[in-house]
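Reviewing the structure listed below.
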Amino acid sequence: MNTVFTNAKAGMAGVDKEHVQKVVYEMSKNSPHFKNEQRKQKQTDERIAKMKQRAHGISQTDLAGLTRSMDAKVAHLETTRDLSRTWLTVDMDAFFAACEELDNPALKTQPMAVGGIGMISTANYVARKYGVRSAMPGFIARELCPQLVFAKPNFSKYTAASRASRVIFADYDAEFSAGSLDEAHLDVTDYCNQHGLSGADVAETIRRRMREEVKLTCSVGVGPNRLLSKVAADMNKPDGQYVVAADLPGIKRFVAALPIRKVPGIGKVAEQTLAAFGVTACQGLLDHKGLLAGLYSPISMDFFLASGLGLGQTQHSEPVADGEVGRKGISCERTFGPISKTGELEAKACELAEKLAEEMAAEGLKGKTCTLKLKETTFEVQACELAEKLAEEMADEGLKGKTLTLKLKETTFELRTRAHTSSQFISSVADIRNVALRLLRAEMPIAIRLMGLRMSSFQEIRTLPGQRSLSAFIQPAAAGSATAGTEQPLKQQGAAQDFSIAFQHAVDALPDESEDEEPEDANGAPEPHQSSYSMADDLQAQSGRSEDKWREAPLPQQSDLAAPRIAELPSTDLQQSCTGSVGFGQFAAQKRKRPSGAVTGHKRTGIEAYLRPAA
DNA sequence: ATACATACC
DNA sequence: TACTGGTATGTAT
């Protein structure tokens with residue numbers, strides 16, 4: 001049973017859920033994706049079974065001890081409660097879709113989704129009535145709503161609207177944090193005190209200004225911390241607001257009844273594992289704290305209990321220190337649809353086919369062998385292109401990193417990640433590509449639909465005072481491109497204000513902003529022929545691990561970098577057929593030590609069942 | 001350090 | 001026919 005697209009969401013009231021579920025199932029049931037979903041569900045079921053077993057082994061005595069220990073934890077957490085702050089979470093309504101309607105008002109009355117046949121990122125509220133929602137593949141959406149209009153995503157438009165909204169936010173909290181293009185968290189305590197206003201007043205004002213100045217609607221949550229304001233922002237969507245008062249009994253009542261799935265950080269899996277122990281609302285997190293402590297990690301328990309108590313961040317996280325790299329990683333990933341299989345790749349396939357024709361004549365090779373080699377080479381080309389993209393993005397931010405992670409999504413939708421940490425910081429196309437190709441070749445043969453590269457472990461940039469890069473100084477909010485997830489306080493009110501006043505002009509002007517500084521290589525040609533970093537040196541330095549088979553593969557020659565690359569790249573033998581398309585996906589693999597137990601200033605996602613090693 | 005999983009938008 | 005892309009973090013080894 002596929003439950004992916006049937007979650008209760010804003011705008012889903014009155015939807016024929018049974019019908020939607022049936023359509024989704026019928027469209028999915030025979031696909032590799034569905035098989036993968038079933039595999040993952042089985043994994044979750046097994047995890048739950050293990051947890052049940054473990055729970056069964058907990059004696060009454062153990063349970064009493066665990067409960068006492070959790071009581072102490074609750075008592076401590078309670079001492080950290082701060083009800084003196086007023087937080088706002090502002091969430092734009094159907095953001096991408098609303099931006100498209102701004103440009104084409106005729107769309108307002110039609111069911112419309114931003115995205116394509118493969119994937120939808122946002123649907124307007126008309127489309128949501130049909131069960132169409134974000135993260136739903138377009139072909140299923142079209143089945144649910146045949147009249148559905150698809151709008152092509154236009155990120156510069158969304159970035160411009162986002163910036164216009166941030167100009168407003170900055171008036172109420174200069175250090176607001178942007179969760180994504182369409183969401184922000186504001187500590188409006190000082191503003192409220194200075195102007196004798198309530199959080200609800202500010203929420204009203206922001207919503208009005210958003211309507212007038214950006215021509216979009218948003219929903220606002222008000223609460224004494226980020227958790228509560230965020231949850232509140234969802235309660236009256238769209239175009240509404242909700243206040244969780246800074247009143248302890250009221251907070252406890254509000255949270256007790258809150259379904260755990262509403263808590264940011266509790267997703268589909270945690271919802272299921274907790275439900276297996278009777279926890280469906282946040283009150284259950286407190287009621288069963290002893291049992292849960294026997295099943296989940298201390299980190300998870302801190303998070304569960306804080307959530308159950310309605311505790312959340314009350315202060316902005318530390319600003320990124322000068323010379324520090326704010327982000328932890330940067331990545332590029334791509335799914336190769338039919339497009340990557342046609343055009344250029346096919347032309348190259350023909351070239352190779354010609355070359356191989358002679359051998360075939362001499363040795364009687366079959367055409368199928370030729371095809372397999374082409375497909376493998378295709379992977380390498382994709383890896384090279386991703387390396388180029390990644391290097392470009394890193395150059396934009398002046399980043400150098402040590403750990404490169406290759407992500408592969410097989411045609412079965414199973415994921416594989418392979419990482420290599422270099423002895424030196426690298427950033428050039430050549431260095432990234434060399435590592436990427438090594439990692440990739442060790443995985444051959446493989447049939448994939450998605451490929452990605454991620455660089456992490458960045459070198460801290462130690463700029464001298466006054467040496468901040470021009471682009472970072474002028475456009476702090478734009479430097480990271482249109483990707484979500486980076487938090488960058490807006491400091492440059494002057495420039496941004498102008499932007500807001502001339503919103504439409506700004507939209508037109510935007511594309512220019514992304515290309516500043518850093519002259520590019522002529523014709524996108526490869527980096528200089530010598531590379532600052534040699535993987536061979538790394539191999540020597542790390543010779544203790546020579547049993548890794550990818551380390552034995554020959555180093556790609558620098559000449560491989562010259563276009564056309566495909567014919568020159570050495571290809572290795574494939575044992576089995578690669579059917580399906582080629583793609584990219586990439587994943588983070590990284591750990592940061594965090595003070596456990598510190599709830600404030602600690603963004604937490606992902607709850608894992610914690611199974612202690614068998615004694 | 002590496003691999004895999006979960007979560008958010 | 002057809003199910004994204006980018007970032008962060010937790011768990012296990």
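In the text below, chain A, chain B and the rest are named by the order of the sequence lines, each starting its count at 1. Excluded from the calculations below are hydrogen atoms, water molecules and symmetry mates; all remaining heavy atoms, backbone and side chain alike, are included.
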Quiz prompt | Residue whose nearest DNA chain B nucleotide is more 5′ - A:Arg39 or A:Val263 | solution = A:Arg39

Quiz item: Given that A:Arg418 and A:Thr44 both sit by DNA chain B, which one's nearest nucleotide is further toward the 5' end?
Solution: A:Arg418

Check every atom of [options] against the side chain of [X] and return the nucleotide holding the closest atom.
X	options	result
A:Lys328	C:dG5, C:dT9, B:dT2	C:dT9
A:Ala270	C:dA2, B:dC9, B:dA7	B:dA7
A:Arg142	C:dA2, B:dT6, B:dT2	C:dA2
A:Phe413	B:dT2, C:dC3, B:dT6	C:dC3
A:Asp182	B:dA5, B:dC9, C:dT7	B:dC9
A:Met119	B:dC8, C:dG10, C:dT4	C:dT4
A:Ser180	B:dC9, C:dG10, C:dA2	B:dC9
A:Arg454	C:dT7, B:dC4, B:dT6	C:dT7
A:Pro137	C:dC3, C:dG10, B:dA3	C:dC3
A:Ser28	C:dT11, C:dC3, B:dC8	C:dC3

Quiz item: Does A:Lys407 pair with A:Glu333 as a salt bridge, N-O distance under 4.0 Å?
Solution: yes

Self-check item: Sugar-phosphate only, base, or nothing, as touched by A:Lys402 at under 4.0 Å among non-hydrogen atoms
Solution: nothing

Practice problem: Select base, sugar-phosphate, or nothing to describe what A:Asn36 touches, counting heavy atoms under 4.0 Å on all strands. | Solution: nothing

Whole-Å distance between [N] [atom2] and [X] [atom1]?
X	N	atom1	atom2	answer
A:Arg133	B:dC9	CZ	P	11 Å
A:Lys409	C:dC3	NZ	P	9 Å
A:Ile117	C:dT4	CD1	C1'	14 Å
A:Ile120	B:dC9	CD1	P	18 Å
A:Leu274	B:dT6	CG	C1'	13 Å
A:Phe304	C:dG10	CZ	C1'	11 Å
A:Leu415	B:dT6	CG	C1'	12 Å
A:Tyr296	C:dT11	OH	P	11 Å

Considering only distance and modelled atom types, tabulate donor-acceptor pairs under 3.5 Å from the side chains of residues 142-149 of chain A, sequence neighbours left out.
{"residue": "A:Gln147", "atom": "NE2", "partner": "A:Tyr130", "partner atom": "OH", "Å": "3.2"}

So, is [X] close to the [N] phosphate, meaning a side-chain N or O under 4.0 Å from OP1 or OP2?
X	N	answer
A:Thr421	B:dT2	yes
A:Lys40	B:dC4	no
A:Lys407	C:dT4	no
A:Arg449	C:dT1	no
A:Ser300	C:dT11	yes
A:Thr417	B:dC4	yes

Quiz item: Between B:dC8 and C:dC3, how far is it from one P atom to the other, in whole Å?
Solution: 23 Å

Quiz prompt | Pairwise side-chain contact, A:Glu46 with A:Lys50, heavy-atom cut-off 4.5 Å (strictly under) | solution = no

Self-check item: A:Arg226 and A:Ser177 side chains, donor-acceptor separation under 3.5 Å
Solution: yes

Practice problem: Just jot down the ring-ring contact (aromatic ring centres under 6.0 Å, His included) partners of A:Tyr158, sequence neighbours excluded, or say none. | Solution: A:Phe96, A:Phe155

Practice problem: Would you confirm whether the ring centroid of A:Tyr25 sits within less than 6.0 angstrom of the ring centroid of A:Phe34? | Solution: yes

Quiz item: Does any N or O donor sit under 3.5 Å from an N or O acceptor when you compare the side chain of A:Thr335 with the base of C:dC3?
Solution: no

Quiz item: Can A:Arg128 be said to sit on top of A:Tyr125's aromatic six-ring, NZ or CZ under 6.0 Å from centre and within 45° of the ring axis?
Solution: yes

